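Working notes, beginning with the structure itself.
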Protein chains: 2
Amino acid sequence: MRIRDEEKVSLVKQKAIEGIVEYGFEGFSMNKLAKACEISVATLYIYFKGKDDLIISIAREEGDRMAAVFIENFHPDLSFEEGMRIQWINRYRYLQQNPITYLFFEQLRTSSYQVRFLEDFMVKFKVVISAFMHNVVSRGEMNAMPLEVFWSIAYGPLYSLVRFDQEGQSIGGKPFKMSDEVLWQTFGLVIKALKN
Amino acid sequence: MRIRDEEKVSLVKQKAIEGIVEYGFEGFSMNKLAKACEISVATLYIYFKGKDDLIISIAREEGDRMAAVFIENFHPDLSFEEGMRIQWINRYRYLQQNPITYLFFEQLRTSSYQVRFLEDFMVKFKVVISAFMHNVVSRGEMNAMPLEVFWSIAYGPLYSLVRFDQEGQSIGGKPFKMSDEVLWQTFGLVIKALKN
DNA sequence: ATTTTAAATGAATGAATATTCATTTATATT
DNA sequence: AATATAAATGAATATTCATTCATTTAAAAT
């Protein structure tokens, strides 16, 4: 029995992400992907059931990797500031080290594959973040608020900032460049907003 | 001379936005759009030079409408809290009254048309928001910070919250529903973060 | 060395894509 | 009423799309 070339499978996944990020879903096709990988289109249909399966499989796999990073060193019973800091470190590190994959997720989020992916992903955090918030509130470190409000204040600015950095949108005079200093300056303001 | 049916042109623009939002750029085509409008495909090429021109024209037009709303009643020399409140009111009102158009912009932002649109749009705000921030800082109402940091804290949470509302992503137990109360609760926290 | 089995392929499929064109239709001007 | 002119069309274009299939290739098992 011939054995499957796992390197080729990895190449397909990587090139798919790159292609989708570069040309959008509207400029992505199975034929182009095969060409970019220098394999036959038919081979793609050995690895995946079809285009949808390919995209969703990759999304799920990368989503799991991302979720794993986000959750590193984090426990729901950490102090408010320490828990928040670890969440910011984890997210920032992932976004910096996986800029392409992050843009891939941004594509997904506004595509027709959105729903099927996001549900799976969110479930993993719902419980742990929810528990963290509950603990922090019951210790009086933060006021009670809807989970979505907390999420928006706690992480909204971080994602916004990373987007400025990655998309190179300079709204200020000089082009914006992310740095540890800017990151923690922003973090400080977020803590100020949430902390009692 | 036969006269152009402007209602038909409007219908095309509206259906284009709806189609792109519903099926994404990957599920949008000139033929489908024509069918949805019950006109000939060829007619689309009388209104627009082609697919790209159609999308960019619509984006620019809607962008101008949005920019106009955002800027209503706003002056760079308003007090910190008043200026911020007006920005939040304007943005929130637009997002609530134009949920589809907002999702259309979200699609654009992560598509291959991104750059051509965003540059035009941002330019309109750069100056006025920049001036507002400068005034506020020089009056000592807020500490100096990069414009991007300000933007991320000031508006990041609002957009994040609206997204929770519109995409119906319930990360909390019960499905999240936006309300004036939640909006101003979040606004209060943002002010707390930024105000000296 | 032969057999078995799944991987990999090249070429093809019909459907959908963006765009064009010769023709028809409606209206403003003469 | 006749003419001029741009709007609107239906049908066609070549190209690209996702998917399939008969065939070949490589390696594990015999």
Side-chain angles (χ1 to χ4, degrees), chain A residues 1-61 104 107-108 111-114 116-117, chain B residues 1-61 104 107-108 111-114 116-117:
Chain A
M1 187 189 71
R2 194 170 175 180
I3 205 170
R4 177 177 293 189
D5 187 341
E6 291 298 338
E7 278 192 34
K8 222 173 256 181
V9 181
S10 298
L11 181 70
V12 166
K13 290 174 184 167
Q14 188 203 316
K15 290 275 181 192
I17 292 174
E18 287 175 13
I20 289 166
V21 167
E22 184 158 6
Y23 305 111
F25 276 106
E26 72 269 21
F28 172 80
S29 80
M30 297 296 266
N31 294 298
K32 280 185 196 162
L33 176 58
K35 188 154 281 178
C37 299
E38 293 178 305
I39 61 172
S40 166
V41 211
T43 307
L44 293 176
Y45 287 83
I46 295 170
Y47 298 159
F48 304 96
K49 278 183 217 138
K51 192 191 180 189
D52 282 15
D53 180 57
L54 181 146
I55 289 166
I56 292 167
S57 295
I58 295 174
R60 228 189 293 271
E61 191 174 310
F104 170 65
Q107 291 277 5
L108 265 180
S111 78
S112 36
Y113 304 97
Q114 183 198 41
R116 277 177 278 181
F117 163 70
Chain B
M1 188 189 69
R2 195 170 174 180
I3 204 168
R4 177 176 292 190
D5 186 342
E6 290 299 337
E7 278 192 32
K8 222 172 256 181
V9 181
S10 298
L11 182 70
V12 166
K13 290 175 184 168
Q14 187 203 318
K15 290 275 180 191
I17 292 174
E18 288 175 12
I20 288 166
V21 167
E22 184 158 6
Y23 305 110
F25 277 107
E26 73 269 21
F28 172 81
S29 80
M30 297 296 266
N31 294 299
K32 281 185 195 161
L33 175 59
K35 189 155 281 178
C37 298
E38 294 179 303
I39 60 170
S40 166
V41 213
T43 308
L44 294 176
Y45 287 84
I46 295 170
Y47 298 160
F48 304 97
K49 278 184 217 137
K51 192 190 180 189
D52 282 15
D53 180 56
L54 181 145
I55 289 166
I56 293 167
S57 295
I58 294 174
R60 226 189 294 270
E61 192 174 310
F104 169 65
Q107 291 278 5
L108 265 180
S111 77
S112 36
Y113 304 97
Q114 185 198 39
R116 277 177 280 178
F117 163 69

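Since the model is a prediction, treat every value here as computed from it, not as a measurement.
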Q: State, to 0.1 Å, how close A/Leu33 and A/Ala16 come at their nearest heavy-atom pair, and which atoms those are.
A: CD1-N, 3.6 Å
**Q.** Nearest atoms (heavy-atom pairs only) where B/Phe104 meets B/Ile20
**A.** CE1-CD1, 3.9 Å
**Q.** B/Phe28 CZ to D/dC17 P, straight-line distance once rounded to whole Å
**A.** 17 Å
Q) For B/Phe48, which contact category applies under a 4.0 Å heavy-atom criterion: base, sugar-phosphate, or nothing? A) nothing
Q | Integer-rounded Å distance: D/dT16 P and A/Phe25 CZ | A | 22 Å
Q: Examine the base of D/dT5 for any acceptor or donor lying under 3.5 Å from a partner atom in the side chain of B/Arg2, and report the outcome as yes or no.
A: no
Q) Phosphate oxygens OP1/OP2 of C/dT17: is one of them under 4.0 Å from a side-chain N or O of B/Lys51? A) no
Q | Atom-to-atom span, CD of A/Glu38 to P of C/dG10 - whole angstrom | A | 12 Å
Q. Could you state the CE-C1' distance from B/Met30 to C/dA15, rounded to the nearest angstrom?
A. 19 Å
Q) Does a side-chain N or O from B/Ser40 land closer than 4.0 Å to OP1 or OP2 of D/dA8, or not? A) no
Q) With respect to the phosphate group of D/dA18, does any side-chain polar atom (N or O) of A/Ser29 fall under 4.0 Å of OP1 or OP2? A) yes
Q. What's the CD1-C1' distance between B/Ile39 and C/dT19, to the nearest Å?
A. 15 Å
Q.
Could you check whether any side-chain N or O of A/Lys13 sits under 3.5 Å from a backbone N or O of A/Ser57, counting only pairs where one atom can act as donor and the other as acceptor?
A. no
Q) Given D/dA7, is OP1 or OP2 found less than 4.0 Å from the side-chain N or O atoms of B/Tyr45? A) no
Q: Nearest whole angstrom, please: distance from the P of C/dT17 to the CD of B/Glu26.
A: 12 Å
Q) Can B/Ser111 and A/Glu26 be counted as having a side-chain donor-acceptor contact under 3.5 angstrom? A) no
Q. For B/Lys8 and C/dA26, is the shortest distance between a side-chain N/O and OP1 or OP2 below 4.0 Å?
A. no
(Q) Minimum heavy-atom separation for A/Gln107 and A/Gly24, please, with both atom names. (A) NE2-CA, 3.7 Å
Q) To the nearest Å, how far apart are B/Leu44 CG and C/dT17 P? A) 13 Å
Q: Select from B/Met1 and B/Asn31 the residue whose nearest nucleotide in DNA chain D is closer to the 5' end of that strand.
A: B/Met1
(Q) Between C1' on C/dT25 and CD1 on B/Ile3, what's the gap in Å once rounded to a whole number? (A) 15 Å
Q.
Suppose we call a contact any N or O donor and acceptor under 3.5 Å apart; does that hold for the side chain of B/Asp5 and the base of D/dA8?
A. no
Q. Of A/Ala42 and B/Lys32, whose nearest nucleotide on DNA chain C comes first from the 5' end?
A. A/Ala42
Q: Mind checking A/Ile46 for me? I need base, sugar-phosphate or nothing, with any heavy atom below 4.0 Å counting as a touch.
A: base
